[in-house]
A.B. asks: 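One structure follows; several queries about it will come next.
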Amino acid sequence: MSNQSFKPGLRPFQRPGIRIEHRGAQALISDAERTKVLSLNESAAAVLELCDGRTTIDEMVMAICQVASVRPDQAREDVELTIAKLEGAGFVAFDPGVGRKRSPRPSVSGSDL
Amino acid sequence: MEAVDVTVLLGAGMPAELEVLEYALGRRRSVSTLGWDPTVSGTVDKVATRKPDVALVCADFPDGDGITACSEIKRHFPPTRVIVIGPSRDDSVLISAVKAGADGFVTTNDSIDDLVDAVHEVSRGASHIPPMMLGGLLRGLIEFRREDDGAFERFASLGKREREVLVGICAGLGDQAIAARLHLSPHTTRTHAQNILGKLGVHSRVEATRMVFEHDLFARFGIDVDGLAEEGGGAK
């Protein structure tokens with residue numbers, strides 16, 4: 001269970017100058033100054049590619065469910081964890097005017113999604 | 001992870017490609033080939049009779065394409081898993097394959113080992129997408145969904161008479177024929193047609209027809225178009 005729980009409609013965007021280098025099943029992500037490097041699996045790298053400031057987390061989740069045999073709640077948790085990790089590493093940001101997290105809730109069931 | 005024997009049927013446009021694939025796969029103990037066919041219709045027929053676990057279809061066929069083959073197999077034989085083999089530099093083939101229900105996609109640059117891995121992955125119920133193409137695929141699916149939502153909303157703004165006129169347009173009927181069918185004057189029919197194009201946000205009747213069929217709008221709005229194909233020769 002993700003403890004992030006981002007607000008619906010949130011549109012993360014990549015910081016300028018991010019470079020994504022595909023290496024087999026992994027991808028190396030580096031910042032504009034090449035001072036920070038992060039190794040991600042290709043699913044996480046695909047999520048980063050979708051962070052364009054226009055695409056919502058909901059849209060990412062729906063597209064992933066169309067491609068992979070995964071439940072929407074599982075896909076959401078994976079996407080939110082990935083975005084939280086990318087935000088923490090400084091590769092992704094949110095519009096500063098938008099509060100990014102939901103109020104904490106005890107649990108999420110499939111029927112909530 | 002190649003212990004389980006998976007049965008495979010091959011479909012592609014070139015017999016030489018198929019023979020090479022069949023030979024290469026035949027050397028793997030974990031995969032059994034049930035034959036091949038160089039046409040879409042023949043591939044679909046063989047899937048019906050031989051019931052493979054996985055159908056491997058190339059993007060090019062002389063009588064259609066791998067996407068059509070994929071869509072036909074998934075519609076008529078849902079338990080059969082389908083892998084489309086297509087180009088690595090063109091996301092559009094991959095996006096079309098996934099929209100047609102493909103369970104996996106392998107590029108023409110991938111090795112036989114990659115293909116065998118993909119066969120085993122999809123036979124276990126997972127999907128297989130080349131990692132480097134995943135971002136482009138997700139982007140394409142998101143763009144299509146946005147277009148789809150937009151088309152749905154624009155169609156919903158059409159009035160009852162406009163929808164009836166649009167059915168005639170999509171059947172390939174001219175203004176006179178539509179007017180006669182709906183007991184309208186040709187002038188009124190033309191006015192409806194202009195309003196339809198404006199509301200749908202398209203510039204021509206051809207674009208309007210493409211939008212309707214690409215997004216399956218008549219079916220989604222419960223509009224029956226049976227019989228119009230013969231009348232106008234345009235609709236399917």
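Scope of the values below: all heavy atoms of this structure, side chains included, with no hydrogens, waters or symmetry mates. Each chain gets a letter, A, B and so on, in the order its sequence line appears, and its residues count up from 1.
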A.B. asks: Tell me, side chain or backbone of B:Arg139 under 4.5 Å from chain A's heavy atoms, or both, or neither?
C.D. replies: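 Both backbone and side chain of B:Arg139 come within 4.5 Å of chain A.
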A.B. asks: Applying side chain to side chain contact (heavy atoms under 4.5 Å, CB included) between B:Leu138 and each of A:Thr55, A:Ile64, A:Val47, report the one that passes.
C.D. replies: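 Of the listed residues A:Thr55, A:Ile64, A:Val47, the side chain to side chain contact (heavy atoms under 4.5 Å, CB included) partner of B:Leu138 is A:Ile64.
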A.B. asks: Considering non-hydrogen atoms only, spot the tightest contact between B:Leu141 and A:Ala63 and give its length.
C.D. replies: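 Heavy atoms only, the tightest pair is CD1-O, 4.1 Å.
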A.B. asks: Give the interface residues of residues 35-44 of chain A toward chain B, defined by a heavy-atom separation under 4.5 Å.
C.D. replies: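 Answer by number: A:Glu42, A:Ser43.
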A.B. asks: Just verifying a value: how many Å separate B:Met133 CE and A:His22 NE2, rounded to the nearest 0.5 Å?
C.D. replies: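 With rounding to 0.5 Å, CE (B:Met133) is 11.5 Å from NE2 (A:His22).
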A.B. asks: Measure the CD-CD1 distance between A:Gln66 and B:Ile142 for me, rounded to the nearest 0.5 Å.
C.D. replies: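 A:Gln66 atom CD to B:Ile142 atom CD1 measures 9.5 Å (nearest 0.5 Å).
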A.B. asks: Tell me whether A:Ser69 contacts the main-chain N or O of B:Gly125 through its side chain, where contact means a donor paired with an acceptor under 3.5 Å.
C.D. replies: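 Present.
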A.B. asks: For B:Lys199, look at atom NZ and say whether over 12 heavy atoms of other residues, nucleotides or ligands are found less than 6.0 Å away.
C.D. replies: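 Yes, NZ of B:Lys199 has more than 12 neighbouring heavy atoms, counting only those of other groups under 6.0 Å.
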A.B. asks: Looking at B:Ser127, B:Ala126, B:Pro131, B:Gly135, which has the largest count of heavy-atom pairs under 4.5 Å with chain A?
C.D. replies: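 Sorted descending by pairs with chain A, the first entry is B:Pro131.
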A.B. asks: Are more than 12 heavy atoms, taken from residues, nucleotides or ligands other than B:Asp60, located less than 6.0 Å from that residue's CG atom?
C.D. replies: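 Count not over threshold, so no.
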A.B. asks: Under 4.5 Å heavy-atom distance to chain B, tell me which part of A:Arg23 shows up: side chain, backbone, both or neither.
C.D. replies: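 Neither the backbone nor the side chain of A:Arg23 comes within 4.5 Å of chain B.
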A.B. asks: Return yes when atom CZ of B:Phe221 has more than 12 non-hydrogen atoms of other residues, nucleotides or ligands closer than 6.0 Å, and no otherwise.
C.D. replies: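 Counting neighbours around CZ of B:Phe221, more than 12 heavy atoms of other residues, nucleotides or ligands fall under 6.0 Å, so yes.
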A.B. asks: Based on non-hydrogen pairs under 4.5 Å, which of B:Arg145, B:Arg146, B:Met132 is most in contact with chain A?
C.D. replies: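 Max contact count across the listed options: B:Arg146.
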A.B. asks: Tell me whether the count of non-hydrogen atoms from other residues, nucleotides or ligands lying under 6.0 Å of CZ in B:Arg27 goes above 12.
C.D. replies: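 Count not over threshold, so no.
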